[in-house]
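Notes to accompany the following structure.
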Amino acid sequence: MKEITRPPANLSAHAIGRGQELLNLHAELGKTRLPLTVIGVGGLGKTTFAQMYWQRHHEQYDHVAWLSAAALYTGDRGSYLDNAEYFLRAFIDNQTLKKKLDLTFDPQQRPVEHFRQAIDALAAIEGNNLLVIDNVPEAAAAYLEELSKLEHWRFLLTSRAAIPNTTAFRLDTLTPEEATLLYERVYEKPAGSEALSAILNEIGYHTLTIELLAAYAREKKLDPPALLELLRQKGLTQLDDYEVNTPRSAKTQDIAAHLRDVFLMELDEAEQEILRNCCILPTSNVALEFFLVSEDALCYLFDKEEEETDFKKRLRRLARMNWLVESGGGYRCHPVVAETAKAQLLPDAVKCAVLIKNVTELLIPDKATNEPGIKRAPFAPLAEAVFKGVWKEKGDFEVVDKSVATLGISFASLCWDIGDNRKRLEYNEKSLLIREKVLPVDHPDLAMSYNNLAATYDALGEHQKCLEYNKKALSIREKVLPLDHPHLAASYNNLGAIYHAVGDFQKCIEHFEKALTIREKVLPMDHPDLAQSYNNLAVTYGVLGEHQKCLEYNQKAHTIREKMLPVDHPDFVLSYNSLADTYGELGDHQKRLEYNQKALSICERVLLADHPYLALSYNNLAVTYGALGDHQKSLEYDQKALSIREKVLPLDHPDLAITYNNLAATYHDMGDFQKCIEYFEKALSIQEKVLPLDHPNLALSYNNLAITYDDLGYINQAVDYMRKASTIWEKALPASHPYNVMAKESLVAFEQKLKNI
């Protein structure tokens with residue numbers, strides 16, 4: 001038996017009763033191929049019931065997986081589409097599932113395509129398997145047909161609503177006897193009496209309400225008669241205005257409204273503040289490292305260090321009162337309690353300002369030690385949950401929401417370090433929406449948002465959008481900043497990079513040198529941004545064939561990084577790979593190999609297995625081994641690079657074309673010209689779609705195809721492609737560039753062959 005993913009916490013350890021219902025559930029699962037949905041109101045114990053089934057029966061399955069959907073039950077029909085996506089994200093955002101199934105997603109595809117990719121991976125697993133999906137919204141019905149592909153799986157869902165095309169298993173409330181046992185377990189002593197029976201009957205035997213009232217009575221030292229009198233005084237036991245709908249409870253109740261009434265009964269201002277913040281952190285049904293929500297962590301997040309003892313006492317009291325779930329040393333809200341607290345306490349950018357500030361700070365690497373951003377990856381779940389918790393779907397943002405935008409931008413930056421450009425784009429766009437609403441049109445922070453979006457589009461290979469947003473950022477900065485401001489240098493640098501990507505090397509150098517002029521004037525000589533400028537100029541001069549100049553700038557960049565950065569900082573990947581390329585162009589392939597291997601070593605130590613930098617390192621090693629004549633190793637690294645890039649890049653990304661070109665070159669060296677042509681044409685198909693018609697990389701593809709067609713004896717095709725290559729290089733590169741010399745010589749040779757036919 002293999003557990004692919006597990007429930008986020010063991011809620012079933014102290015569960016009461018449900019024995020016969022579990023037997024009935026197991027029998028029903030054995031009879032139906034449709035998903036079986038455990039239906040019941042919030043707080044009835046559906047998740048616990050599903051976990052009880054998991055604990056009793058998971059060993060009878062070959063493979064088991066548990067997923068949790070963060071669906072919202074607000075009664076607002078506008079949340080319907082959001083809930084549909086939350087169902088998809090139960091599959092595509094579960095990091096353990098992605099790792100176990102080796103899943104990575106094209107960031108330009110829609111979530112439904114990622115979902116289908118996960119389904120296909122699960123479908124490949126044979127055996128008698130069980131998939132549990134907790135908290136499934138009604139909107140998921142639109143995607144349940146996809147589950148029919150999973151021939152070897154049984155499906156157990158939990159939901160508050162009946163879901164079309166599933167078999168319903170309506171969960172009842174506890175029996176009176178089970179309800180009494182649950183009350184006594186929480187109350188911690190016998191309490192059976194007519195008064196308790198009356199309480200349990202009047203609250204409809206609702207599980208979460210029983211736990212909350214029992215905990216309240218225990219803390220207040222109220223016996224059942226005293227509790228019953230208090231409840232009746234406050235009018236809290238009459239449920240006729242609510243909606244429950246279970247076989248044992250003819251009365252109906254809206255649990256969130258009911259709990260809001262109970263809520264008002266017992267929490268002081270300090271406890272409400274804790275819950276207001278906790279309700280926008282990940283809830284207890286979400287997989288999370290418990291150290292993120294430990295007593296010490298929450299003390300920091302809520303700025304309670306000076307009143308640590310009192311704060312921790314309140315946390316423990318809230319857990320004893322069942323308003324917080326304590327598990328493994330971490331404190332979180334039950335999803336229903338979180339909904340209740342959000343509705344009652346209205347968390348926003350003002351009330352949760354401290355939490356927003358501190359979570360944002362957790363995402364920012366330590367500048368003093370030049371800490372790599374990826375070291376902050378463990379805090380990503382906190383950031384995403386808090387951002388969602390205070391995000392305003394209707395977009396009625398105010399100036400106070402600037403802190404929310406800052407959080408979103410910091411999280412988007414972390415997404416780059418993790419290699420998730422899909423989320424990077426989403427949170428940069430949302431942060432820009434806030435800033436465009438609350439800031440003046442020429443505010444520097446708005447320029448920063450445009451800059452961030454430009455960088456994201458660049459990573460996605462969308463160069464025109466990247467150029468558009470970089471120009472927006474520069475327009476603001478040139479207007480409001482001093483001529484030597486570092487942010488202005490950053491804009492020039494970014495524009496230089498995009499001009500390099502589209503093959504306009506004169507504009508590229510012009511903007512890189514503008515950036516360097518500012519940085520050399522205002523930054524310390526060992527600043528990492530200065531290293532970036534040197535590195536960028538090195539790469540550009542390398543493309544232009546000025547390899548000594550390239551080496552000079554590479555060494556300047558590397559010297560700074562060696563002095564200022566930790567030895568495993570990802571920026572060294574750029575330094576080592578750039579130095580490797582330069583030594584390769586100078587003919588020193590052993591040094592080239594040495595630096596390529598150093599870059600790869602860092603990638604494999606500190607980056608995720610599908611990070612773009614890792615693909616870059618594999619790609620460069622493939623080229624190096626090809627130059628050294630080791631074509632098998634070259635092919636091995638080409639395929640590793642391709643495996644990552646095909647998973648994480650859009651299908652028309654220029655970097656994918658580079659890998660196809662490299663694979664083609666390797667097959668050419670191995671004498672497999674048919675595969676060579678196949679991959680050269682794949683590369684060309686992308687480049688003709690996304691690059692300007694006069695881009696040097698397009699010329700390189702034409703050149704490669706010309707040489708291969710010549711090898712195959714197709715001289716007409718060889719001449720056509722070499723003419724195209726020569727025309728582009730003549731325009732884009734200096735006349736003395738090796739590519740220009742090579743193209744002219746090859747064209748003369750091919751034309752002579754054509755005459756001799």
Side-chain angles (χ1 to χ4, degrees), residues 70-72 74-83 85-86 89 111 273 275-282 301-303 338-339 341-364 379-416 422-457 465 468-469 472-473 475-477 479-480 487:
L72 303 173
T74 63
D76 177 10
R77 295 301 296 177
S79 68
Y80 189 88
L81 291 177
D82 289 337
N83 277 341
E85 184 159 326
Y86 285 134
R89 290 187 180 278
E273 180 190 357
L275 271 187
R276 181 183 294 113
N277 286 292
C278 282
C279 75
I280 60 172
L281 292 172
L301 288 174
F302 302 165
D303 269 4
E339 288 174 36
K342 286 176 186 176
Q344 188 68 27
L345 298 173
L346 303 175
D348 59 23
V350 175
K351 297 180 181 123
C352 298
V354 168
L355 176 61
I356 294 168
K357 172 183 72 74
N358 288 335
V359 170
T360 302
E361 288 178 356
L362 285 176
L363 304 182
I364 300 172
F379 304 112
L382 298 183
E384 190 166 15
V386 171
F387 187 94
K388 287 179 178 178
V390 294
W391 172 258
K392 298 175 181 178
E393 290 296 340
K394 295 181 180 178
D396 51 344
F397 300 106
E398 302 171 7
V399 173
V400 294
D401 292 305
K402 287 192 295 184
S403 63
V404 182
T406 303
L407 172 60
I409 288 166
S410 299
F411 179 61
S413 177
L414 180 59
C415 288
W416 156 242
R422 176 181 59 82
K423 281 191 178 177
R424 181 187 184 191
L425 179 62
E426 174 188 348
Y427 284 89
N428 272 325
E429 286 180 332
K430 286 183 173 179
S431 299
L432 177 61
L433 283 175
I434 297 173
R435 285 183 163 175
E436 285 184 327
K437 182 76 178 286
V438 305
L439 296 178
V441 293
D442 56 359
H443 195 284
D445 285 352
L446 199 54
M448 181 64 74
S449 278
Y450 291 140
N451 180 81
N452 293 339
L453 261 176
T456 306
Y457 281 120
K465 281 193 173 181
E468 172 192 340
Y469 281 106
K472 284 186 175 185
S475 175
I476 293 174
R477 287 171 170 172
K479 182 178 180 182
V480 303
H487 286 178

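Keep in mind it's a predicted model, so treat the numbers as computed, not measured.
- Annotation for K351: atom NZ counts as buried by contact number, over 12 foreign heavy atoms lying within 6.0 Å.
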Pair K392-V404, side-chain contact (heavy atoms from CB on, under 4.5 Å): steps then yes or no: CA-CA 10 Å; K392 298 175 181 178; V404 182; over 6 Å; no
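- When all heavy atoms of L363 and A383 are compared, the pair lying nearest together is CD1-CB, 3.6 Å.
- Remark: K437 is not positioned above the aromatic ring of F397, lacking an NZ or CZ atom under 6.0 angstrom from the ring centre and at most 45 degrees off the axis.
- Rounded to the nearest 0.5 Å, atoms CD (E384) and CG (L414) are 10.5 Å apart.
- Between the CG atom in N452 and the CG atom in L432 there is a gap of 9.5 Å [rounded to 0.5 Å].
- Taking the centre of each ring, F387 and Y427 come in below the 6.0 Å mark.
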Stepwise side-chain contact (heavy atoms from CB on, under 4.5 Å) test for L301 and L362: CA-CA 9 Å; L301 288 174; L362 285 176; 3.7 Å; yes
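- V480 places a side-chain heavy atom less than 4.5 Å from the side chain of P444.
- No side-chain heavy atom of H443 sits less than 4.5 Å from a side-chain heavy atom of I476.
- Looking at heavy atoms from C-beta onward, L275 lies out of side-chain contact with Q344 at the 4.5 angstrom threshold.
- Between C352 and V386 there is no side-chain heavy-atom pair separated by less than 4.5 Å.
- With values rounded to the nearest 0.5 angstrom, L281 atom CG is found 5.5 Å from L355 atom CG.
- N428 has its side chain out of reach of W416: every pair of non-hydrogen atoms, C-beta onward, lies at least 4.5 Å apart.
- Summarising the geometry of A341 relative to P347, their closest heavy-atom pair is O-CD, 4.5 Å, with the distance given to 0.1 Å.
- Proximity of a side-chain donor or acceptor of D401 to a complementary backbone N or O of E398 within less than 3.5 Å is detected.
- Here T360 contributes atom OG1 and L407 contributes atom CG; the two are 4.0 Å apart, rounded to the nearest 0.5 Å.
- In this structure the side chain of L382 reaches within 4.5 angstrom of the side chain of P282, judged on heavy atoms.
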N451/H487 under side-chain contact (heavy atoms from CB on, under 4.5 Å): CA gap, chis, key distance, verdict: CA-CA 10 Å; N451 180 81; H487 286 178; over 6 Å; no
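- Considering CE of M448 and CG of L453, their distance stands at 12.5 Å, rounded to 0.5 Å.
- In this structure, I356 and V390 have side chains that are in contact, with non-hydrogen atoms separated by less than 4.5 Å.
- The environment of NZ in K388 is crowded: more than 12 heavy-atom neighbours from other residues, nucleotides or ligands sit within 6.0 Å.
- Between E429 and K465 there is no salt bridge, since no side-chain N of the basic residue sits under 4.0 Å from a carboxylate O of the acidic one.
- A donor-acceptor pair is defined here as one N or O able to donate and one able to accept, closer than 3.5 Å; such a pair exists between the side chain of R276 and the backbone of L345.
- A distance of 12.0 Å separates CG of L446 from CD1 of I434, quoted to the nearest 0.5 Å.
- Exactly one of R435, E436, K472 qualifies for a side-chain hydrogen bond (donor to acceptor under 3.5 Å, both in side chains) with Y450. That residue is E436.
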